[in-house]
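Presented below is the structure to which this report refers.
Residue numbers start at 1 and run along the sequence shown. No experiment lies behind these values; they were computed from the predicted model shown.
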Amino acid sequence: QVQLVESGGGLVQAGGSLRLSCAASGLTFSSSAMGWFRQGPRKERECVAAVNWSGANTYYADSVKGRFTISRDNAKETVYLQMNSLKPEDTAVYYCAARRGPIVRADPHEYGYWGQGTQVTVSS
């Protein structure tokens, strides 16, 4: 049974930082591309960052480039999202997701496993 458990969300002031973590189990983590998605109120779920199986290739949404960094530790079966210079528009539920393949993708339909989500709220 695949489990993805996110942690690290919370309330932060604009300009602050948060680090999200996602601990995976039940899948071949080192063969799986991983992604972080978010869904704000009345918005579609969007990919903010994704990383391939090795960590060498990444994808970032234009809205977070230069502020967010995705990374992974295959030994710990964990993927991270470092979020700096947070803005109120970053407020959303953030989800960790795993692909059944090693290549980076931004389409949420490419991901077969999802965590329960963690709330990030950025106050102005």
Side-chain angles (χ1 to χ4, degrees):
Q1 180 181 359
V2 176
Q3 284 193 315
L4 302 174
V5 180
E6 302 103 332
S7 61
L11 173 64
V12 64
Q13 288 188 332
S17 297
L18 284 174
R19 188 194 197 203
L20 305 184
S21 299
C22 172
S25 61
L27 75 164
T28 308
F29 184 80
S30 59
S31 299
S32 302
M34 300 295 295
W36 283 100
F37 293 76
R38 68 185 180 188
Q39 187 164 18
R42 298 175 297 281
K43 293 184 179 179
E44 292 187 356
R45 189 169 296 190
E46 64 168 341
C47 182
V48 295
V51 62
N52 77 328
W53 67 277
S54 68
N57 293 323
T58 56
Y59 162 87
Y60 293 98
D62 288 343
S63 58
V64 307
K65 281 181 182 176
R67 300 188 298 122
F68 290 12
T69 302
I70 189 170
S71 61
R72 64 187 296 158
D73 185 332
N74 285 349
K76 295 182 178 179
E77 298 189 320
T78 300
V79 63
Y80 306 96
L81 185 68
Q82 178 67 44
M83 305 186 293
N84 298 329
S85 302
L86 282 161
K87 304 175 181 180
E89 51 263 44
D90 294 318
T91 295
V93 178
Y94 284 71
Y95 298 90
C96 171
R99 285 200 69 218
R100 294 187 185 93
I103 308 301
V104 170
R105 292 287 186 269
D107 184 345
H109 296 97
E110 296 275 356
Y111 290 77
Y113 305 107
W114 293 84
Q116 81 287 353
T118 185
Q119 177 71 45
V120 171
T121 302
V122 184
S123 64
S124 57

Looking at every heavy atom in both [X] and [Y], which two are closest together, and how far apart are they?
X    : Y    : value
A98  : L4   : N-CD1, 3.8 Å
N52  : V104 : N-CG2, 3.1 Å
S21  : W36  : O-CH2, 3.7 Å
Q116 : V5   : OE1-CA, 3.9 Å
L11  : S123 : CD1-CB, 4.4 Å
R72  : G55  : CD-N, 3.9 Å

Is a donor on one side and an acceptor on the other found under 3.5 Å between the side chain of [X] and the backbone of [Y]?
X   : Y    : answer
R99 : A33  : no
E6  : G117 : yes
T91 : V122 : yes

- Message: Parallel, tilted or perpendicular: which one describes the rings of F37 and Y111, with boundaries at 30° and 60°?
- Response: perpendicular

Any link between [X] and [Y] through a network of hydrophobic side chains (Ile, Leu, Val, Met, Phe, Trp, Tyr) touching at under 4.5 Å?
X   : Y   : answer
V51 : V2  : yes
Y94 : Y80 : no
I70 : Y95 : no

- Query: So, K65 and D62, do they make that salt bridge, N to O below 4.0 Å?
  - Reply: yes

- Hey, which of Q82, M83, R67 is the one that makes side-chain contact (heavy atoms from CB on, under 4.5 Å) with S17? Q82

To the nearest 0.5 Å, what is the distance between [atom1] ([X]) and [atom2] ([Y])?
X    : Y   : atom1 : atom2 : result
T78  : F29 : OG1   : CZ    : 6.0 Å
E44  : Q39 : CD    : CD    : 8.5 Å
E89  : K43 : CD    : NZ    : 7.5 Å
Y113 : M34 : OH    : CE    : 11.5 Å
Y60  : L81 : OH    : CG    : 7.5 Å
W53  : T28 : CH2   : OG1   : 13.0 Å

- Query: With a 4.5 Å limit on heavy-atom distance, are the side chains of V64 and R38 in contact?
  - Reply: yes

- Side-chain touch L86/F68, heavy atoms, less than 4.5 angstrom: yes

